[in-house]
Amino acid sequence: MSVTVSVTGLRELEAQLAKLSKATGKAALRRALKTAAQPLADLAQSKAPVGDTRTLAPSITVGTRLSERQAKRHRRMFRDDRASVEMFVGAGPLPSAHNQEFGNIHMAAQPFLRPAWDQDREALLERLRADLWQQVSKAIVRAEKRAARAAAKRTGS
């Protein structure tokens, strides 16, 4: 099954990001991604099956880091793709998380992440659009204020 997503306004966003340093732009993108993705993680937590250990739902987070095993597989899958910013939503390094989502020969699948994505996809993209513009705009204002202060300092005002 494939998912098609249509995104518009990237040229305008890129033009605004060009006004910022690379580090500042990446930080703004990370903040926007984390803020937009958190409701998806919350929804996935609410859909996670409750087992004996009750550890699956609390392990579902939003972040930039993967477990060592996940990172190794990710590097192999995307070795030629140099995305500037990545954010991940999913269960932590629990060995049973993928078994819950996809099932195995011993147990039926109990999906929680895909249904959360299917339910929240459109809202997430709208949140991301709004958050990206807000974070980039704030970063530009901060950068302009910093530049004005530095210019005033140089002229001795």
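Note that this is a predicted model, so its numbers are computed, not measured. The figures that follow rest on heavy atoms only: side chains count, while hydrogens, waters and symmetry mates do not.
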### Task
Check the pair L33, V62 against side chain to side chain contact (heavy atoms under 4.5 Å, CB included), reporting the backbone distance first and the verdict last.
CA-CA 9 Å; L33 285 167; V62 177; over 6 Å; no
### Summary
When every non-hydrogen atom of L113 is compared with those of G90, the smallest separation belongs to CD2-CA, 4.0 Å
### Query
Residues two or more places apart in sequence or in another chain: which of them pass salt bridge (charged side-chain N to carboxylate O under 4.0 Å, His left out) with R31?
none
### Message
Could you work out, with ring pair (Phe, Tyr, Trp, His ring centres under 6.0 Å) as the rule, every residue matching F102, not counting sequence neighbours?
### Response
none
### Task
Could I get the full list of side chain to side chain donor-acceptor pair (under 3.5 Å) partners for Q119, not counting sequence neighbours?
K47
## Note on the structure
Those residues at least two apart in sequence (or on a different chain) that pass side chain to side chain contact (heavy atoms under 4.5 Å, CB included) with S46 are L43
#### Entry: Non-neighbouring partners of A123 that pass side chain to side chain contact (heavy atoms under 4.5 Å, CB included), sequence neighbours left out
D120, R127
### Task
Decide, yes or no, whether a salt bridge links R129 with E126 under the criterion of side-chain N to carboxylate O below 4.0 Å.
yes
### Query
For Q45, which residues count as a side chain to side chain contact (heavy atoms under 4.5 Å, CB included) partner, sequence neighbours excluded?
D42, A57, I60
### Query
Would you say the side chain of P49 lies within less than 4.5 Å of the side chain of L56, judging by non-hydrogen atoms?
yes
### Query
Do you know the tightest heavy-atom contact between F112 and Q100?
CE2-CB, 4.0 Å
### Summary
For T24, the side chain to side chain donor-acceptor pair (under 3.5 Å) test, sequence neighbours excluded, returns S21
### Approximate separation, where rounding is to 0.5 Å, of L132 CG and L29 CG
6.0 Å
### Summary
Residues at least two apart in sequence or cross-chain that pass side chain to side chain contact (heavy atoms under 4.5 Å, CB included) with E12, listed by chain then number, are W133
### Query
Out of curiosity, does L66 fall in the hydrophobic cluster containing V85 (side-chain heavy atoms, cut-off under 4.5 Å, transitive links)?
no
#### Entry: Pairs touching residues 137-148 that satisfy side-chain hydrogen bond (donor to acceptor under 3.5 Å, both in side chains), sequence neighbours left out
none
### Query
Hey, what do you get for CD (Q16) to CD (E14), rounding to the nearest 0.5 Å?
11.5 Å
#### Entry: Residue list, salt bridge (charged side-chain N to carboxylate O under 4.0 Å, His left out) with D131, at least two apart or on another chain
none
### Message
So, using side chain to side chain donor-acceptor pair (under 3.5 Å) as the criterion, who are the partners of R30 when residues are at least two apart?
### Response
none
### Task
Quick one: closest heavy-atom pair of L124 and A37, and the distance?
CD1-CA, 3.9 Å
### Point-to-point distance, once rounded to the nearest 0.5 Å, from CD of Q38 to OG1 of T61
8.0 Å
### Message
Distance check, rounded to the nearest 0.5 Å: E86 atom CD versus K26 atom NZ?
### Response
10.0 Å
### Task
Please check if the side chain of T35 supplies one atom and the backbone of A32 the other of a donor-acceptor pair under 3.5 Å.
no
### Nearest non-hydrogen partners of N99 and M107, listed with the distance
O-CE, 3.7 Å
### Task
Carefully, step by step, assess L40 and W117 under the rule side chain to side chain contact (heavy atoms under 4.5 Å, CB included).
CA-CA 7 Å; L40 174 63; W117 165 255; 4.1 Å; yes
### Query
Who are the salt bridge (charged side-chain N to carboxylate O under 4.0 Å, His left out) partners of R149, not counting sequence neighbours?
none
### Task
Evaluate the criterion side chain to side chain contact (heavy atoms under 4.5 Å, CB included) for residue pair E101 and R114; output intermediate values, then yes/no.
CA-CA 8 Å; E101 182 74 18; R114 180 59 188 242; 3.4 Å; yes
